[in-house]
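Here is the structure we will look at, set down as C-alpha cells.
Index from 1, following the sequence. Remember, predicted model here, so these are calculated numbers, not experimental data.
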Amino acid sequence: GGFELEVDDTLTITPKITYNYQSTYQWYLNGVKLTQEPEIVHVSKKLGKDIYSFVVETPSGKDSLVIPVSTIIQIDFKELELANNSYSRGENLPNNSVGFSSKGLIFPVNPFGENEWTGFTLSSRFNQTTTSQPDIFSAYAARSTSGKFMLYSQPLSPYAASVYLENGQNRVFGSISVANSTLTYLVMRHGTESGIRRFGGTSNNEPDWFRLTIEGFTDGGVYTGKIEYYLADFRSTNNRLRTMLANWATIDLTTLGEINRLSFTLDSSIKSDEGQMLTPPFFCIDNIKIIR
C-alpha cells in the first residue's frame, strides 16, 4: 500500500537487494527517470500521491517494484495539550476562539454547562465499563494512537457545529475514523431505567438503527454530497448481521470531492412520541486525513 507522510517529512527508500552481480538500477518518479543509485530520499512538499518505480536489471533479466508515497495532513490532535483521562469543553480557549484548532481544521465549541454543551469536546477518556451512570465524555473503543479524540454533541442544528478549514481552502478529505461514545453505546446495548429501550427491544427483533450522516460543503457553501454510516444497525433479520460499533471504524470521504466544511447529523430509530431522538446524540472522531 505504500507510505503516508505529512508535509516536510523525509523518507529514505532502500530496496533489499540480495543479488547484485552485473546489476544496474534505475529509479523513476511518476514515470520520469531520476537516478541509478540503489537508494533514494523522498521529501514531502505538497499534498498528493507520488509513484516511485525501482527497476533492477541483470544479464538474467529484470524486475521492478512500485512504491506509492502519499503526502497528507493527518489530524489526530497530538499537538493539543490534555492530561490523561480528562477532557476539555473549550472553557480555557482564548475569548476570540470559536473552537479547537488542529492543523488548520476548526472544531466549534459551545461550552454552556456540564450537561448542556454542544459541538466538540477534546477528550482522552476510554471506557467500556458498564455502570449505572456511564461516562459521558469517553469513547467506547480502544485507546487511539495519540490518546486523544474529539467527542461530538449534536446541537439543534447540526450545521452550527460543522468542522471547517480556517484558511478558506477547498481540500479533498480522504477519510475519518469514528467510534461510539461510551454513554451512547451502553444506552443502545442495555437501555435505561428512565424508559429508553435497548436496541432490538425485549424480543431482540426490533429493526433499530443509529445513523451518522456526513455532508460536504465548499467554502462558498456549495453542497457536494453526503455519506451515511450506521454506528449501530439492527435492521437485518439475521442476528449475525446486526452490528453495534464497539471500536474505531474508518469512513472513506473522497466521494465528497474538494470541500472546506464537514457537517455531522445523528439520527436514530428510537424516538419519543413527539419525534425527538432518544439515543444520546454523541459520537467520537479521530484521524482525519486530508489528501489533496
* Evaluate the criterion side chain to side chain contact (heavy atoms under 4.5 Å, CB included) for residue pair L29 and I40; output intermediate values, then yes/no. => CA-CA 11 Å; L29 173 59; I40 196 168; over 6 Å; no

Co-membership, hydrophobic cluster, residues [X] and [Y], 4.5 Å side-chain:
X: V7; Y: F173; answer: yes
X: Y164; Y: I288; answer: no
X: I106; Y: F217; answer: no
X: V69; Y: I291; answer: no
X: I51; Y: I13; answer: no

Hey, could you give me the [atom1]/[atom2] distance between [X] and [Y], rounded to the nearest 0.5 Å?
X: L186; Y: Y140; atom1: CG; atom2: OH; value: 6.0 Å
X: F107; Y: L262; atom1: CZ; atom2: CG; value: 9.0 Å
X: K49; Y: I72; atom1: NZ; atom2: CD1; value: 11.5 Å
X: L256; Y: Y223; atom1: CG; atom2: OH; value: 8.5 Å
X: S102; Y: M150; atom1: OG; atom2: CE; value: 7.0 Å
X: F234; Y: T243; atom1: CZ; atom2: OG1; value: 7.5 Å

Is there a side-chain contact between [X] and [Y] (heavy atoms, below 4.5 Å)?
X: N287; Y: W248; result: no
X: Y152; Y: P158; result: yes
X: E57; Y: Q26; result: no
X: T145; Y: D76; result: no
X: L245; Y: F210; result: no
X: Q22; Y: T58; result: no
X: M188; Y: N180; result: yes
X: K103; Y: I290; result: no

* Using distance alone, with no hydrogens and no angle criterion, decide if T14 and E39 have a side-chain donor and acceptor under 3.5 Å apart. =>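 Yes, because at least one side-chain N or O of T14 sits under 3.5 Å from a partner of the opposite role on E39.
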
* T121 and S123: side-chain donor and acceptor closer than 3.5 Å? -> no

* CA sep, side-chain torsions, deciding dist, call: Q36, T24, side chain to side chain donor-acceptor pair (under 3.5 Å) -> CA-CA 7 Å; Q36 293 182 327; T24 60; over 6 Å; no

* Asked: In this structure, are over 12 heavy atoms from other groups packed under 6.0 Å from R292 atom CZ?
  -> no

* Has N238 got more than 12 heavy atoms of other residues, nucleotides or ligands less than 6.0 Å from its CG? ->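 Yes, because the 6.0 Å sphere around CG of N238 holds more than 12 heavy atoms from other groups.
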
* Give the intermediate values and the outcome of side chain to side chain donor-acceptor pair (under 3.5 Å) for residues T182 and S138. => CA-CA 6 Å; T182 299; S138 69; 2.5 Å; yes

Can you name the nearest heavy-atom pair linking [X] to [Y], along with the distance?
X: G119; Y: A161; value: CA-CB, 3.9 Å
X: D252; Y: G174; value: OD1-O, 3.3 Å
X: E215; Y: K226; value: CG-CB, 3.9 Å
X: G200; Y: R242; value: CA-NH1, 4.2 Å
X: Y25; Y: V56; value: CE2-CG2, 3.4 Å
X: E258; Y: T218; value: O-CG2, 3.7 Å

Verify, without hydrogens or angle tests, whether [X] (side chain) and [Y] (backbone) share a donor-acceptor contact under 3.5 angstrom.
X: N84; Y: S124; value: no
X: S263; Y: S162; value: no
X: N247; Y: A142; value: yes
X: K148; Y: L82; value: no
X: Q154; Y: L266; value: yes

* For F77 and I75, what are the C-alpha separation, side-chain angles and deciding distance, and is it a side chain to side chain contact (heavy atoms under 4.5 Å, CB included)? -> CA-CA 6 Å; F77 317 114; I75 293 96; 3.5 Å; yes

* Asked: Centroid-to-centroid, F264 to F283, below 6.0 Å?
  -> yes

* Asked: Between F149 and F126, does the ring centre distance come in under 6.0 Å?
  -> yes

* Asked: Can you tell which of D9, D50, D8 makes a salt bridge (Lys or Arg N to Asp or Glu O under 4.0 Å) with K45?
  ->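 For K45, the salt bridge (Lys or Arg N to Asp or Glu O under 4.0 Å) check succeeds only for D8.
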
* Please state whether the rings of W209 and Y230 are parallel, tilted or perpendicular, taking 30° and 60° as the class boundaries. =>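 W209 and Y230: perpendicular rings.
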
* To do: Given side chain to side chain contact (heavy atoms under 4.5 Å, CB included), test W27 with E37 step by step and report yes or no.
  => CA-CA 8 Å; W27 277 103; E37 297 298 323; 5.6 Å; no

* To do: Flag the pair R235 and D208 as a salt bridge only when some basic side-chain nitrogen lies within less than 4.0 angstrom of an acidic carboxylate oxygen.
  =>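 Result for this pair is no, no salt bridge flagged.
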
* Between L34 and Y52, does a side chain to side chain contact (heavy atoms under 4.5 Å, CB included) hold up when you go through it step by step? -> CA-CA 10 Å; L34 287 182; Y52 284 96; 3.9 Å; yes

